[in-house]
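Presented below is the structure to which this report refers.
All figures in this text were calculated on a predicted structure; none of them were measured in a lab. Letters go in sequence order (proteins before strands), and every chain restarts at 1.
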2 protein chains.
Amino acid sequence: MPMREGRAASPGAGGGRARTRASHSRESVLAEAVRLLDEAGAAGLTIRALAARLGGGPASIYWYVSGRDELLDLAADSVLAGVLDAVRAVGEGDPIDDLRTIGETLFDAIVDRPWLGAYALRDTGTQPHSLRLYEKIGEQTLRLALTPTQRFHATSAVVGFVIGTAADMGQELPEVVASGQMDREEYLAQATAEWRALDEGEFPFIHHVVDEFARHTDRGQFRAGLDLLLAGIRLQAGA
Amino acid sequence: MPMREGRAASPGAGGGRARTRASHSRESVLAEAVRLLDEAGAAGLTIRALAARLGGGPASIYWYVSGRDELLDLAADSVLAGVLDAVRAVGEGDPIDDLRTIGETLFDAIVDRPWLGAYALRDTGTQPHSLRLYEKIGEQTLRLALTPTQRFHATSAVVGFVIGTAADMGQELPEVVASGQMDREEYLAQATAEWRALDEGEFPFIHHVVDEFARHTDRGQFRAGLDLLLAGIRLQAGA
DNA sequence: GGTAATATCGAACGGTGTTCGATAAATCGC
DNA sequence: GCGATTTATCGAACACCGTTCGATATTACC
């Protein structure tokens, strides 16, 4: 099991046939993986690209992770350390407000890193920060007048809503926006025009909300939806 | 633009050097893609595997779709035709109950096809059934005393919750369960034991709900969460 | 200093998505 | 019916991927 911090790999050895080997650590592997994910998303994190960043060969990565799936899970989990730090002091106010604060902090982390939604809190058995964040969210429900069953369901609902909504928003970025060919406003204007062009008899709801759609922000939409869910939880707790 | 139904490809031509070519249609490409997804998930749908099923070469797929991403989007959308059929008659009862019915129908479709959650309702601009399902959900909110802004947010919240929760449940199947090495009960028992082994002082919520966790079903959890959200919407509408 | 354990590595394997130029098949116009 | 055009299919090739294996470099231990 690796346990020492690697020193930076030298580029190619000097004279002679031997070439100095790179030296890694679990932390540096995960940190570099996160950097690649931030730059190019999940598709950009390949074992070969990561190895090149670390200055070594692709096979060395397999000393630290069993495969690319585990690498992604651990990279996502490592980023949640920042979310946990940000919400460490939360938990003394109104429990519903505290749930909102934690939910929004997690959502913001996923908006900052669109790839995160697909991997955060996926497997709390192998993702320690995910487990702690799940516990942190759940603890707020302990301060509500709910049964254990209701607390379990409320916690899962908040997690499901936050992760699901943020992941959906995170990956909905179409290729023309991701590549810079079109900015978000242009894209939204085009999508709005497509909605306006739909048959009004067939799509009454879409015509009813198209002005909202034209000016909505993802964050506003997320907050409004989270508040609906939290209102339902507060109602159930009779608070 | 393809517009004719292909006939079945003959296996290798008889004597002579010419080989009869396969013949496809957009419908057969999507139908066969769905079959492969059902059998082996998104990872099992490769362009080569699909071409082999259709009895042709991989390059022919590119006549019908621009790439594998579009293939997945269209395959997912095509499956939503069945969901739309199932909810066609919904819309005459209590709007909140009708939202529940539609949400549960969509959830069940995703439970039946775990790969669906990651691709359903991703891009209503290129997925006609997704657009219609979004419209169907939104139309229920027209029968509630809500502003256009509130209706837009309520609809997005329901969609986000259903898709996000179902997608999370759909892909959470760990390799040992997917591969048959362990059934769901064994896996749940092991996960429960891991939860029970956690330090009680550090994870008070998890110890509080571990018995719920041990006996929960995904569907029950989903319904409970959806009801919390719907309760919030009903409260907002003052109904 | 020799042995054992840990960590790194290049090469190879088996696979993928996608494109290109060729060509088979269908359609159209005369 | 035939030649031209259009549509659809194809094999090969390209560039890349995840993963494993046996070799070996490096570190730790006695």
| task | Encode nucleotides 16-22 of chain D as B, S and - characters from 5' to 3', where the letter depends on protein heavy atoms closer than 4.0 Å: B to the base, S only to sugar-phosphate, - to neither. | result | -BBBBB-

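Ion pairing of A:D77 with A:R122 is absent here, as no side-chain N (NZ or NE/NH1/NH2) approaches a carboxylate O to less than 4.0 Å. Using a cutoff of 4.0 Å between basic side-chain nitrogens and carboxylate oxygens, B:R35 and B:E32 are scored as salt-bridged.
Going from atom CD1 of B:I61 over to atom P of C:dT16 covers 13 Å, rounded to whole Å. We find that OH of B:Y64 is positioned 18 Å from P of C:dT18, with the value rounded to whole Å. Rounded to whole angstrom, the span from the CD atom of B:E70 across to the C1' atom of C:dT18 amounts to 14 Å. Atom CZ of A:R26 is separated from atom C1' of C:dT6 by 16 Å (rounded to the nearest Å). Between the CZ atom of B:R21 and the P atom of D:dG11 there is a distance of 8 Å, given to the nearest Å.
B:S60 has no side-chain polar atom (N or O) that falls below the 4.0 Å cut-off from OP1 or OP2 of D:dA8. For the pair A:W63 and C:dT8, the criterion of a side-chain N or O lying under 4.0 Å from OP1 or OP2 is not met. An OP1 or OP2 oxygen of D:dC10 is reached within less than 4.0 angstrom by a side-chain nitrogen or oxygen of B:H24.
With sequence neighbours left out, A:E139 forms a salt bridge (charged side-chain N to carboxylate O under 4.0 Å, His left out) with no residue at all.
Around CZ of B:R53, the count of heavy atoms belonging to other residues, nucleotides or ligands within 6.0 Å exceeds 12. Within a 6.0 Å radius of CD in B:E200, no more than 12 heavy atoms belonging to other residues, nucleotides or ligands are found.
Side-chain polar atoms of B:S78 and B:H129 form no donor-acceptor pair below 3.5 angstrom.
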